[in-house]
Amino acid sequence: MAALHLAFALALFTGHAAGVNNGLARTPQMGWNNWNALGCDVSESLLLDTSKKLVDSGLRDVGYNYVVLDDCWSRGRDEEGFLEEDLEKFPSGMSAVAEELHRQGLLFGMYSSAGEMTCARYAGSLDWEENDAKSFAGWGVDYLKYDNCYHMGRFGTPKLSFDRYKVMWDALNSTGRPILYSLCNWGEDYSHTWGMSIANSWRMSGDIYDSFSRPDDLCSCIDASSPFCIAPGTHCSVLNIINKVAPYVDRGQPGGWNDLDMLEVGNGGMTDEEYKAHFSLWAALKSPLLMGNDLRSLSAASLTILNNPAVIAISQDPVGHSVYRVRRELNVAKDKYGVGEIQVWSGGLSGGDQVVLLLNAAGEDARISASLEEIFLHDGPEGSAPQINEEWEVFDLWGNRMDNALAQKILDADEKDVEKLWKQANWYNSTEISYKEGLKKRDERLMGKKVGKINAGGSLTAKVKRHSVEMFRLRSVGHGGKRKVHAKEEL
Ligand SMILES: *[C@@H]1O[C@H](CO)[C@@H](O)[C@H](O)[C@H]1NC(C)=O
Ligand SMILES: *[C@@H]1O[C@H](CO)[C@@H](O)[C@H](O)[C@H]1NC(C)=O
């Protein structure tokens, strides 16, 4: 059984290595995008104020390095058919913006649509791909979010959508500039089955909105593979999106990821516990982590969610495995929308560690318990996984969440004082030491807070508040020497 499992894993590995080849997104990309908080209200000063905030708050150095400008930036095409930036919004021009971001150690992302128009009805890139890829490369762009509006009916089969999106992938490639390609077709035409061949990430759902569990008619699809899912829409809750991606979590691999859409942390519609759960799930499911808030008014509470290095280390683990859902209980205690679910998610990390999420998406606090047999289901069903016979140390990944008062001081500090505060906060600096290196050295900031042990054959139990998550790293004591960590996975 174990040998078969390994053979299968290796076959998958080789298959996907042949897919994307631009060297980018070896771990899920991190950064910021203006859309969720600001929509079309974009400008050069927004991007530069935001980039300054990314640097001054320390967020760049925990890994958020892409600044992505969404829709509404152009004023149409010039006589030669090249897109022109709106010089009222971007008076110095896009090249100057890119240069300034690069000077700050950041990368620059832009947006277009594989349609005749973008979603906000600006000029789209369909049938103009070569020109537009040249413009992006010429401006010094490092990332393209490529949307799906006004596609002229060129969708409805996987092949139609694949072909339409491949044109831009090829055009970007022929510029010679490595540009992260973020495919945004909302999961239409089963993008989770072909996205990995031509993109560094692919959206698998309609747009997120700032609610944890509220069902909405505009997000009519609950199953991305249903033939009736023809309007992925908008207003998709956190719970809707994770339930949709659950059957496809294994499609992400180093180089290409399921994109669960931008984060809502800090936008005001969810409680602190809900935002913690949202962020934890996005990290563990290997979604890109693009903050979608207005960083100019970042709160201390939001900062201490977004900067948690123990959770980010799950997202940036070099093995690149998403967690799987190993249990879903429905109709527990219903919340005000009639939703009441308990879920357990579990996945393998580098060095043979395991991450476990106990999710309470019900209307009341709950005690949730998961046995080692359940936790290691994907290493062998029905109790056949060797890990069940090992002893495990348990680390709470939210146990060392930064104190709000210190976070507020960091946000208020001026440039000359902030370094002292970073030191005091023991800030994880991934610019100096990558997550891969930090994990190899078992940097304590990435491990979380040790809270207990699980004996061989035992289980993990925690009290979980309503609409919240508890998230743990499990580390085998002594590793038993019985189990080999797959060498191939240590990339
Ligand atoms: C992280 O390291 C870089 C490079 O040494 C440095 O410029 C930056 O100020 C550091 N940031 C933090 C948050 O410590
Ligand atoms: C273009 O594609 C080739 C192989 O298909 C790859 O080796 C190369 O790195 C790509 N270049 C860029 C800039 O994406």
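Just so you know, ligand 1 is whichever comes first in the structure, and atom 1 is the first atom listed for that ligand. The chain is numbered in sequence order, starting from 1.
Ring orientation note: the planes of Phe162 and Trp194 are nearly perpendicular, at an angle over 60° on the 30°/60° scale. Trp139 and Trp73 have perpendicular rings, their planes meeting at more than 60° on a 0 to 90° scale where under 30° would count as parallel. Aromatic ring orientation, Trp169 versus Tyr181: parallel (interplanar angle below 30°, classes split at 30° and 60°).
Proximity to Asp61 (heavy-atom distance under 4.0 Å) selects the following atoms of ligand 1: 1 (C), 8 (C), 10 (C), 11 (N), 12 (C), 13 (C).
Shown are Phe279, Phe212, Tyr275; of these, the side chain to side chain contact (heavy atoms under 4.5 Å, CB included) with Val238 is made only by Phe212.
The closest protein non-hydrogen atom to atom 4 (C) of ligand 2 is Asn21 ND2, 3.4 Å. The protein heavy atom nearest to atom 10 (C) of ligand 2 is Asn173 ND2, 2.4 Å. Shortest contact from atom 9 (O) of ligand 1 to any protein heavy atom: Trp422 CZ3, 3.9 Å.
Here atom 7 (O) of ligand 1 lies nearest to Arg60 when heavy atoms of Glu419, Arg60, Glu432 are compared. Distances from atom 6 (C) of ligand 1 to the heavy atoms of Asn429, Asp56, Thr431 put Asn429 nearest.
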**OP:** Take Tyr165 and Tyr146, measure what ring pair (Phe, Tyr, Trp, His ring centres under 6.0 Å) needs, and give me the verdict at the end.
**Re:** CA-CA 8 Å; Tyr165 278 92; Tyr146 203 41; 5.7 Å; yes
